[in-house]
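Before any comments, here is the structure.
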Amino acid sequence: MLDFLASSSFFAIALTLLIWRLANVLQKKTGSMLLHPILVSVAAIILILLASGIPNSAYQQGMKPFSWLMTPATVCLAVPLYEQIRVLKKNLPAILTGVLCGTLASLFCVGGLCLLFGLDRTLSVSLLPKSVTTAIGAPVSEALGGLGAVTVTAIIATGILGNMFCQAACRLFRIHDPIAQGTAIGTSSHVIGTTKANELGAVQGAVSSLSLVIAGVLTAFLMPLMATLF
Amino acid sequence: MKYLYQAGMIVLFTFLGEALAALIPLPIPAAIWGLLLLFLALCLKLIRVEQIRGCSGFLTAMLPVLFVAPTVNLMEQAQALLGSLPAVIAIIAVSTFLTLMVTGRVTQALLDKKKGERDHA
């Protein structure tokens with residue numbers, strides 16, 4: 001039975017989508033921001049794999065056709081960008097400067113704290129690209145000797161933090177302008193934060209998508225330089 | 001058939017992104033090249049949004065669930081994290097809010113400046 005589940009072509013995807021559905025229902029029922037569907041799903045799947053003895057490698061093999069969608073899904077972020085092109089064009093200098101400052105702040109803050117806490121090079125390099133989307137962060141981290149899964153986890157944690165608290169943080173830091181809000185959310189918490197930005201408004205969502213792309217590209221270029229610090 | 005055509009267009013741009021990533025020796029992944037190419041094609045009116053909208057909306061809406069499987073990998077790399085867990089949590093929390101604040105304040109200051117100039121003119 002377990003052998004069949006481990007080698008099944010559809011078990012992993014069916015399990016993931018079922019758990020995803022339950023996690024979404026759970027969040028809606030409880031209204032708790034802490035029970036983010038990604039967190040709950042990951043915890044539940046790890047527990048199921050550990051309890052059943054199905055190896056993670058078999059689960060990942062089963063998820064491959066699904067994970068394959070990550071690249072085209074990221075490509076499709078071009079559509080919301082294009083639909084808000086007029087807002088973007090008019091405010092491009094402010095958005096670009098904001099994203100550049102934010103990306104530098106992120107890299108130097110993470111790098112500085114890693115040195116301060118005395119983390120080793122592998123862990124530091126894994127944490128550096130934590131504010132950009134997985135499609136960029138994970139390959140860049142691995143190319144420089146980081147651990148892919150640690151990077152992905154840091155990226156997810158960052159995204160969920162942004163998703164949960166960006167509205168409160170914008171209020172706290174008095175960021176009222178929808179364009180500034182979108183820039184801040186996209187630069188600090190990539191795609192997962194952008195989901196929230198889309199709920200705040202179409203302008204916030206589009207600017208957030210644009211910002212996460214620029215922040216990702218900047219980070220990809222700056223990472224090799226930052227990694228020499230360790 | 002409409003959705004098949006839309007999926008085909010999206011896969012085509014993803015493939016072009018993959019080809020660029022292979023040709024250009026920069027640390028930019030296929031997804032970002034594809035995104036830039038699709039954005040360019042939309043701006044140059046080579047394709048219309050209607051030619052991909054249904055499928056692209058479906059894909060961007062499902063992005064969050066695509067993050068689940070890569071994160072499950074953590075069960076194999078957890079020992080690298082466990083020793084430094086408090087430090088890692090502090091780093092993630094502090095840097096996320098600092099980045100949000102710096103980006104938002106800088107952008108808003110520049111936008112306000114521009115607005116002020118326009119009001120004076």
Side-chain angles (χ1 to χ4, degrees), chain A residues 16 20 38 41-42 45-46 56 63 67 69-79 81-82 94-95 97-98 101-102 105-106 109-110 113 117 119 123 127 130-131 135-136 139-140 147 149-150 152-154 156-158 161-162 169 173 175 177 179-180 183-184 187-188 191 213 216-217 220, chain B residues 10-11 13-14 17-18 26-32 34-36 38-39 42-43 49 52-53 56-57 59-60 62-77 80-81 84 87-88 90-108 110-111 114:
Chain A
T16 307
W20 178 255
I38 298 180
S41 304
V42 169
I45 291 168
I46 289 182
N56 179 42
M63 287 305 286
S67 302
L69 291 171
M70 179 80 93
T71 309
T74 308
V75 170
C76 287
L77 288 174
V79 174
L81 276 188
Y82 174 72
I95 296 172
T97 316
C101 293
S106 174
C109 178
V110 175
L113 288 174
F117 287 122
L119 301 188
L123 198 49
L127 292 179
K130 57 161 266 301
S131 274
I136 300 183
V140 167
L147 297 166
V150 172
V152 174
T153 307
I156 306 286
T158 301
L161 262 184
F173 301 134
I175 305 167
D177 192 293
I179 295 169
T183 316
T187 307
S188 62
V191 176
V213 171
V217 173
Chain B
I10 292 166
V11 171
F13 277 92
T14 310
E18 196 184 16
L26 289 176
I28 309 289
I32 297 303
L35 194 164
L36 293 173
L38 179 57
F39 182 66
L42 287 166
C43 290
V49 177
I52 50 170
R53 196 192 316 262
S56 75
L59 280 174
T60 44
M62 74 183 291
L63 263 170
V65 66
L66 295 177
F67 284 93
V68 171
T71 315
V72 169
N73 273 323
L74 185 71
M75 63 189 279
E76 282 173 3
Q77 295 179 6
L81 264 182
S84 328
V88 171
I91 292 170
I92 291 176
V94 170
S95 64
T96 303
F97 289 111
L98 182 89
T99 306
L100 193 142
M101 184 189 74
V102 169
T103 315
R105 296 298 310 173
V106 167
T107 310
Q108 187 159 293
L110 290 170
L111 292 170
K114 205 174 98 183

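It should be emphasised that the depicted structure is a prediction, and the values quoted were computed from it without experimental measurement. First the proteins, then the strands, lettered A, B, ... as listed; each starts at 1.
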Answer with side chain, backbone, both or neither: which region of A:I156 has an atom nearer than 4.5 Å to a non-hydrogen atom of chain B? side chain
Answer yes or no: is there a side-chain heavy-atom contact under 4.5 Å between A:C109 and B:T99? no
Portion of B:E76 that has a non-hydrogen atom of chain A nearer than 4.5 angstrom: side chain
Could you have a look at B:V11, B:L74, B:I52, B:L42 and say which one has the most heavy-atom pairs with chain A under 4.5 angstrom? B:L42
Quick one: of B:G17, B:A69, B:C43, who has the most non-hydrogen atom pairs under 4.5 Å with chain A? B:A69
Portion of A:L119 that has a non-hydrogen atom of chain B nearer than 4.5 angstrom: side chain
Heavy-atom side-chain contact between A:L113 and B:V94 under 4.5 Å: yes
With the side chain counted from C-beta on, respond yes when B:L35 and A:V213 share a heavy-atom pair under 4.5 Å apart, and no when they do not. yes
Looking at A:I179, A:V140, A:T16, A:V79, which has the largest count of heavy-atom pairs under 4.5 Å with chain B? A:V79
Does any backbone or side-chain atom of A:L81 lie under 4.5 Å from a heavy atom of chain B? Answer side chain, backbone, both or neither. both
Which atom names give the shortest non-hydrogen contact between B:P70 and A:V152, and what distance separates them? CB-CG1, 3.7 Å
Heavy atoms, side chains only, cut-off 4.5 Å: are B:L38 and A:Y82 in contact? no
Interchain contact, A:I136 with chain B, by part (heavy-atom threshold 4.5 Å): both
Looking at B:S84 and A:L123, what are the two nearest heavy atoms and their distance? OG-CD2, 3.6 Å
Does any part of the side chain of A:D177, heavy atoms only, come nearer than 4.5 Å to the side chain of B:T107, both counted from C-beta? no
How far apart are the closest heavy atoms of A:L161 and B:A93, and which atoms are they? CD1-CA, 3.7 Å
Please state whether the side chain, the backbone, both or neither of B:L100 comes within less than 4.5 Å of a heavy atom of chain A. both
Under 4.5 Å from any heavy atom of chain B - which part of A:M63: side chain
Partner of B:T103 under side chain to side chain contact (heavy atoms under 4.5 Å, CB included), picked from A:I175, A:T187, A:T97, is A:T187
OG1 of A:T153 to CZ of B:F67, rounded to nearest 0.5 Å, is 12.0 Å
Non-hydrogen side-chain atoms of A:L77 and B:L63 separated by less than 4.5 Å: yes
What is the distance from atom OG1 of A:T71 to atom CG of B:L59, rounded to the nearest 0.5 Å? 11.0 Å
Does any non-hydrogen side-chain atom of B:V68 lie less than 4.5 Å from one of A:I45? yes
Who among B:M62, B:R53, B:R105 has the most heavy-atom pairs with chain A under 4.5 Å? B:R105
Over all heavy atoms of both residues, which pair between B:T60 and A:A73 is shortest? Give the atoms and the distance, please. CG2-O, 3.7 Å
Structural part of A:V191 lying under 4.5 Å from a heavy atom of chain B: side chain
How many angstroms lie between CG in A:L147 and CD in B:Q77, if you round to the nearest 0.5 Å? 4.5 Å
Work out which heavy atom in A:A180 is nearest to a heavy atom in B:L111; give both atom names and the distance. N-CD1, 4.1 Å
Scanning both residues in full, the closest heavy-atom pair of A:I38 with B:P64 reads CD1-O, 3.7 Å
